[in-house]
Protein chains: 2
Amino acid sequence: MRPEFLLENQLCFRLYTASRLLTQAYHPLLSEHGLTYPQYLVLLVLWEKDAQPVNDIAKRLYLETNTVTPLIQRMEKEGIVTRSKGEKDARQMIVRLTKKGWDLQVELVDVPTAMGNAVICESVNTETAPELFKMLDDIIAKLKTK
Amino acid sequence: MRPEFLLENQLCFRLYTASRLLTQAYHPLLSEHGLTYPQYLVLLVLWEKDAQPVNDIAKRLYLETNTVTPLIQRMEKEGIVTRSKGEKDARQMIVRLTKKGWDLQVELVDVPTAMGNAVICESVNTETAPELFKMLDDIIAKLKTK
DNA sequence: TAATTTTGCATCGTGAACGATATAATTCAA
DNA sequence: TTGAATTATATCGTTCACGATGCAAAATTA
């Protein structure tokens, strides 16, 4: 068999696996507060800047609106955000944090550090992380054609 | 806002995004042959060693059987694999490649190289790839508790 | 201004992921 | 050997992802 067909030689499989396992590691920390990982990502975006249209949130996460719309509708049902038509542009749906959405920022304050520690190992540490970030950023930049 | 809450500072988001975008890059190459990326992963496992029980395939991919079972059922429906009860252990479901499954190996022979080239950039190349692989492998090893 | 194109969002269908649960076969222990 | 625990797989429900499509509002162009 050609060596390229070996799972061990494939970058995508590593990214796919590492991503899934790390998301799984977030699970207990987030489900405790009724959140999924993609919902947590939306919160990160809104904590940074509240009252954004669906499209801006989607772009920030490199997702399509057909993924983000139902996701945010579920968050609305949970009372984490509100959705209301844009005043300047009636096509836009502006997403705003509720008090509950802001409160979650306090409740989840230790999550980033906990997750950072979860991956610290011989080859990935405060010294080498920038290199890893650079490589992943370059891969993302190369692949996002839109 | 605490800097840890910035999307830019989070490893998981990078892995999640890079994984999704790279899987999307596989899409045109695979859908042409009626395959999805996870189905392609199952083929990689079976090309390496045919006639494996569901559990071995799942373990190799770090997935649960409740993900792999329906996935393989779909592949069976497409005529890519067959499923039959294990003779030694009647609980096992042995998955075997059909002729169509083996033929796909020839049809997809250029995929690994094409995907490798798709991510080559300044910081990720033949020289630096081993470092990236090592870091991702260490992260995976640290996270797979089972 | 009227007609056309583009944009922003929503809906639908399909295929993962994955927690929870069920079932049958095997193994282990009393 | 019988009963209990374990193992291998399957099923179910929910939530992403994402291609395809639809629709209304806005922007562009004739």
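Because only heavy atoms are used, hydrogens play no part in the values below, and waters and symmetry mates are left out as well, while side chains stay in. Below, read A as the first sequence line, B as the second, and so on, with proteins coming before strands; counting in each chain starts at 1.
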Just how far, in rounded Å, is [atom2] of [N] from [atom1] of [X]?
{"X": "A:Ile72", "N": "D:dC16", "atom1": "CD1", "atom2": "P", "value": "11 Å"}
{"X": "A:Lys88", "N": "C:dT7", "atom1": "NZ", "atom2": "P", "value": "18 Å"}
{"X": "A:Arg20", "N": "C:dG19", "atom1": "CZ", "atom2": "P", "value": "10 Å"}
{"X": "B:Met75", "N": "C:dG15", "atom1": "CE", "atom2": "P", "value": "13 Å"}
{"X": "B:Tyr26", "N": "C:dA16", "atom1": "OH", "atom2": "P", "value": "16 Å"}
{"X": "A:Glu64", "N": "C:dT11", "atom1": "CD", "atom2": "P", "value": "17 Å"}
{"X": "A:Tyr37", "N": "C:dC18", "atom1": "OH", "atom2": "P", "value": "14 Å"}
{"X": "A:Leu71", "N": "D:dA17", "atom1": "CG", "atom2": "C1'", "value": "10 Å"}

What do the steps show when you test B:Asp50 against B:Gln52 for side chain to side chain contact (heavy atoms under 4.5 Å, CB included), and what is the final call? CA-CA 6 Å; B:Asp50 197 8; B:Gln52 294 192 56; over 6 Å; no

Tell me what B:Lys85 touches on the nucleic acid: a base, only sugar-phosphate, or nothing, going by heavy atoms under 4.0 Å. nothing

Look at all strands and tell whether A:Tyr16 reaches a base, only sugar-phosphate, or nothing, counting heavy atoms closer than 4.0 Å. sugar-phosphate

In terms of side-chain geometry, is the basic nitrogen of A:Asp138 or A:Lys142 positioned less than 4.0 Å from the acidic oxygen of its partner? no

Taking the basic N atoms (NZ, or NE/NH1/NH2) and the acidic carboxylate oxygens, is any pair closer than 4.0 Å for A:Asp56 and A:Arg60? no

Would you say [X] places a side-chain N or O within less than 4.0 Å of OP1 or OP2 belonging to [N]?
{"X": "A:Ser31", "N": "C:dG19", "answer": "no"}
{"X": "A:Gln39", "N": "D:dC16", "answer": "yes"}
{"X": "A:Gln24", "N": "C:dA17", "answer": "no"}

Both A:Glu78 and A:Glu87 contact DNA chain D. Which one's nearest nucleotide lies toward the 5' end? A:Glu78

Considering non-hydrogen atoms only, spot the tightest contact between [X] and [Y] and give its length.
{"X": "B:Ala18", "Y": "A:Leu15", "value": "CB-CD1, 4.1 Å"}
{"X": "B:Leu104", "Y": "B:Ile80", "value": "CD1-CG2, 4.1 Å"}
{"X": "B:Leu143", "Y": "A:Ala25", "value": "CD2-CB, 4.2 Å"}

Residues passing the side chain to side chain contact (heavy atoms under 4.5 Å, CB included) test with B:Thr98, sequence neighbours excluded, are B:Thr82, B:Lys100

Between the protein and nucleotides 1-5 of chain C, which nitrogen or oxygen pairs are less than 3.5 angstrom apart?
none

Same cluster or not: are A:Leu35 and A:Leu97 linked, directly or through other Ile, Leu, Val, Met, Phe, Trp or Tyr residues, by side-chain heavy atoms under 4.5 angstrom apart? yes

Reading nucleotides 5-14 of chain D 5' to 3', which nucleotides get B (base under 4.0 Å from a protein heavy atom), which S (sugar-phosphate only), which -? --BSBSB---

Ring-plane angle category for A:Tyr26 and A:Tyr40, please: parallel below 30°, perpendicular beyond 60°, tilted otherwise. tilted

From the candidates D:dC18, C:dA16, C:dA25, the one with an atom nearest any side-chain atom of B:Ala90 is C:dA25

Evaluation steps, side chain to side chain contact (heavy atoms under 4.5 Å, CB included), between A:Tyr62 and B:Tyr16: CA-CA 10 Å; A:Tyr62 305 109; B:Tyr16 165 78; over 6 Å; no

